[in-house]
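To start, the structure under review is shown below, and the notes come after it.
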2 protein chains.
Amino acid sequence: MSSAVSIVNVDVYIALKKGSFHRMSQACFTSHLKISQKMTKASTFDRKGRATIVDVGRVAGVSDATVSRALNKPETVSAKTRARIEAAIAETGYVPNPLAKAMVSGRTYTIGALVPTLNHSIFSKFLHALESDLSDQGYNLVVAVTDADRDREVEKAKKLLAMGVEGLIVSGLSHNADLLREAARFAVPLIATSYYEPSAPLPTIGYDNKIVATQALAHLTALGHRRIAVAHGPVAGNDRTRSRIDALADPGEGASLTFYETTLDYAGGAAVVDRLEGPYSALLCLSDVLAVGALFQLRSLGKRVPEDISLMGFDDLDASQFTVPPLSTVRLPIQDMGRVTARAVCDFLDSGSPIAPRLLEAQVIARASTGAVPLAPGASDNPRGS
Amino acid sequence: MSSAVSIVNVDVYIALKKGSFHRMSQACFTSHLKISQKMTKASTFDRKGRATIVDVGRVAGVSDATVSRALNKPETVSAKTRARIEAAIAETGYVPNPLAKAMVSGRTYTIGALVPTLNHSIFSKFLHALESDLSDQGYNLVVAVTDADRDREVEKAKKLLAMGVEGLIVSGLSHNADLLREAARFAVPLIATSYYEPSAPLPTIGYDNKIVATQALAHLTALGHRRIAVAHGPVAGNDRTRSRIDALADPGEGASLTFYETTLDYAGGAAVVDRLEGPYSALLCLSDVLAVGALFQLRSLGKRVPEDISLMGFDDLDASQFTVPPLSTVRLPIQDMGRVTARAVCDFLDSGSPIAPRLLEAQVIARASTGAVPLAPGASDNPRGS
DNA sequence: CTGTTAGCGCATTCAA
DNA sequence: TTGAATGCGCTAACAG
């Protein structure tokens with residue numbers, strides 16, 4: 001418990017167990033480790049706990065400005081004083097105060113992201129990619145979940161702005177007007193993702209939901225499908241879904257689509273299968289989650305995919321390639337979106353490059369869940385059976 | 001484009017398109033909106049862009065200290081001056097500088113979380129819950145992805161600490177020793193999650209992986225299963241998996257377990273099915289992802305679940321209840337973990353309450369993928385078929 | 001190469 | 001109830 005190797009761990013533990021150690025100073029932690037014998041010299045550097053740049057200067061026998069230089073532009077300070085300063089830093093266990101630095105520089109190197117949920121892998125993956133790239137560029141990512149509530153979104157945006165984020169990333173185009181206003185008040189860039197709409201009042205980085213929906217439909221019509229059921233999640237508050245549906249409004253090619261709204265989860269997909277009416281040769285789900293749910297239900301009803309009905313999804317979840325049969329779908333450029341968004345904000349912040357709207361392309365992934373429509377028209381009947 | 005209602009949006013857009021507007025001041029945004037006619041009075045409050053508390057004071061004809069009070073302790077300032085100050089605030093478009101505030105208070109109200117990945121829903125859900133609760137208590141969440149790399153974890157931890165997080169949350173118990181050291185240097189609490197181990201050098205909040213594994217096994221043995229295959233992800237660097245396996249080392253009840261390591265994805269689960277040797281009556285997957293992958297593969301091989309082989313998972317993913325058959329699994333207390341962790345850090349930070357290790361209970365969810373072992377011993381043969 | 005002087009924007013003593 | 005003064009920790013002038 002008190003062996004040399006674990007002494008730091010022990011300190012941590014003690015610090016956590018004792019409530020009174022709240023803002024416990026680093027000096028407390030290390031003093032008895034290495035500098036107890038020198039405490040006499042470094043007499044007053046435990047003023048309020050943490051050692052400051054001034055304390056380091058005092059110990060090293062130089063001014064605080066010199067210490068600051070040694071830290072930021074080492075080449076502008078002589079080798080020997082630099083050495084003394086380093087020694088003093090080690091001795092005092094000095095650790096720079098990020099707040100003071102941020103205060104004077106006016107920069108926090110922090111970007112805020114507002115996502116509707118973290119339970120949907122689309123958003124998690126986006127954040128994963130976003131964080132990776134932001135991190136590479138020296139930025140931190142603060143995330144806030146909005147639960148798809150516009151008012152909550154504004155609230156959380158305010159909190160993020162109040163903590164000093166230098167950029168704000170949101171999903172989709174539907175937002176409370178205050179969001180724009182607040183971003184403007186704090187003069188931070190605001191970027192909308194999962195959407196491409198160059199005429200929007202803020203820069204968008206994402207895919208064009210209309211194009212994407214059209215791509216999916218084209219895949220099905222190319223296979224000969226004309227009577228197609230379309231399953232989608234709630235339209236309210238989800239502009240992405242709305243766009244996809246709009247794009248499908250006039251399918252052309254003599255195709256006829258019927259829309260089924262449902263909840264955006266596996267159960268919702270399964271439920272649509274039960275509600276299906278009419279002889280559809282294909283079911284297009286505007287989300288893989290729905291498609292997987294539908295697939296399970298179809299199979300448990302004894303329907304064969306794609307022989308009895310073709311099934312197509314949207315997103316390309318990890319699971320989609322492992323279903324039986326593997327799911328045809330449209331792969332959304334989520335990773336790219338994270339990367340491109342990160343680059344855009346950083347470029348703007350670092351060098352002032354304007355943030356331009358950016359269209360990312362989705363890709364139809366044709367797998368085994370979609371097949372040619374049977375030769376005899378109307379050969380596939382109501383999947384509900386009879 | 002220049003209608004009154006969209007003027008703010010337009011401003012934002014312009015600001016974003018023009019790189020030179022980088023640190024554009026709030027004053028620029030609002031001045032031409034409402035206070036242009038009063039600019040004469042508020043002569044010098046656009047020093048470096050943003051209006052400060054001093055500017056507000058000047059406009060209101062009071063001192064900065066009074067403005068500060070009006071903002072923080074409104075009751076200590078007379079109604080009339082308060083009104084004047086509020087007017088001045090609106091006029092100048094003053095917005096408090098979070099950095100200065102943080103600087104003097106020494107607080108950032110920011111918690112950092114280090115997760116191995118955001119692609120696994122377990123971690124996303126944890127963060128979702130964590131963020132919700134932190135947010136309720138007035139804290140912000142910074143997330144960093146480590147890709148399960150201990151060195152990267154330390155690196156990112158340093159960045160988080162350097163930006164001023166007041167608490168650090170990590171996953172599991174395996175960490176680079178520097179992590180503990182750094183947390184101690186900055187005197188911030190460090191909490192390990194997804195794990196319960198009261199003897200650890202840092203507080204743990206989570207489930208006991210050994211107990212959980214035992215619960216799962218118990219479910220199977222209670223159904224009569226004795227020869228059981230266990231599929232699990234890579235052990236290297238994953239102490240949770242390690243613990244679960246350890247707990248299964250001595251199964252008792254005359255059970256005999258065989259372990260199959262594979263990749264932690266759907267394909268990995270499917271692959272295990274192909275590698276299975278010997279007459280197992282049950283396949284226990286230490287992760288639902290593996291179980292779902294295995295399920296698809298079993299079905300495409302024509303094996304019936306649970307008639308031919310029982311299948312059990314671990315995690316309780318959203319998808320698990322919708323597979324065919326629905327997957328028996330162990331539901332991990334992920335949401336609770338987020339909540340409890342958030343509360344623990346906040347309580348510590350707000351009132352100094354010590355952070356105590358906390359055991360959360362998992363729950364066996366018995367669904368249709370597990371059934372009693374067939375009466376005739378050895379009735380189920382090699383799932384690979386012959 | 002280094003020390004001195006000034007703030008950054010705010011909150012918090014102390015007097016008045 | 002309010003104002004003046006002081007300091008948080010650090011960086012950025014400007015001298016020396």
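Hydrogens, waters and symmetry mates play no part in the numbers below; they use all other heavy atoms, side chains included. Naming convention: chains lettered A, B, ... in sequence-line order (proteins, then strands); numbering from 1 in each chain.
- Distance check: A:Leu71 CG to A:Lys101 NZ gives 6.5 Å after rounding to the nearest 0.5 Å.
- The separation between A:Asn97 atom CG and C:dC8 atom P is 18 Å, rounded to whole Å.
- Look at CD on A:Glu75: it is 15 Å from C1' on C:dT2, rounded to the nearest Å.
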Interface polar pairs with nucleotides 11-13 of chain D, N/O, under 3.5 angstrom:
from: D:dT11; atom 1: OP1; to: A:Asn72; atom 2: ND2; distance (Å): 3.2
from: D:dT11; atom 1: OP2; to: A:Ser68; atom 2: OG; distance (Å): 2.7
from: D:dA13; atom 1: N6; to: A:Arg69; atom 2: NH2; distance (Å): 3.4

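- With hydrogens and angles left out, the side-chain atoms of A:Thr66 and A:Ser63 include a donor and acceptor closer than 3.5 Å.
- Taken over five-pair windows at either terminus, the axes of the helix from C:dC1-D:dG16 to C:dA16-D:dT1 are inclined to one another by 40° (rounded to 10 degrees).
- Heavy atoms of A:Ser78 sit under 4.0 angstrom from primed sugar atoms or phosphate atoms, though from no base atom.
- With contacts defined as side-chain heavy-atom distances shorter than 4.5 Å, the pair A:Ile111/A:Ile169 qualifies.
- Between A:Glu131 and B:Lys156 there is a salt bridge, since at least one side-chain N of the basic residue sits less than 4.0 Å from a carboxylate O of the acidic one.
- Under the side chain to side chain donor-acceptor pair (under 3.5 Å) criterion, B:Asp133 pairs with B:Arg343, sequence neighbours left out.
- The side-chain contact (heavy atoms from CB on, under 4.5 Å) test with A:Tyr139 singles out one residue from A:Thr110, A:Asp350, A:Thr108, and that residue is A:Asp350.
- Using a 3.5 Å distance cut-off with no hydrogens or angles, the side chains of A:Thr81 and A:Ser78 do pair a donor with an acceptor.
- Using a 4.0 Å cut-off between a side-chain N of Lys or Arg and a carboxylate O of Asp or Glu, B:Lys159 and B:Glu182 do not qualify as a salt bridge.
- In terms of phosphate contacts, B:Thr52 brings no side-chain nitrogen or oxygen within less than 4.0 Å of OP1 or OP2 of C:dG9.
- Atom CE in B:Met103 sits roughly 8 Å away from atom P in D:dC8 (whole-Å rounding).
- In this structure, the side chain of B:Arg107 does not engage the main chain of B:Ala102 through any donor-acceptor pair within 3.5 Å.
- Minimum atom distance to the side chain of B:Val62 is reached by D:dG3, of the listed D:dG3, C:dG9, D:dT1.
- Looking at residues 81-89 of chain B, you'll see that no heavy atom sits under 4.0 Å from any atom of DNA chain C.
- The side chain to side chain donor-acceptor pair (under 3.5 Å) test applied to B:Asn72 returns B:Ser68, not counting sequence neighbours.
- Every residue was checked against the salt bridge (charged side-chain N to carboxylate O under 4.0 Å, His left out) condition with A:Glu153, not counting sequence neighbours, and none meets it.
- Proximity of B:Thr66 to the phosphate of D:dG3: a side-chain N or O atom is located under 4.0 Å from OP1 or OP2.
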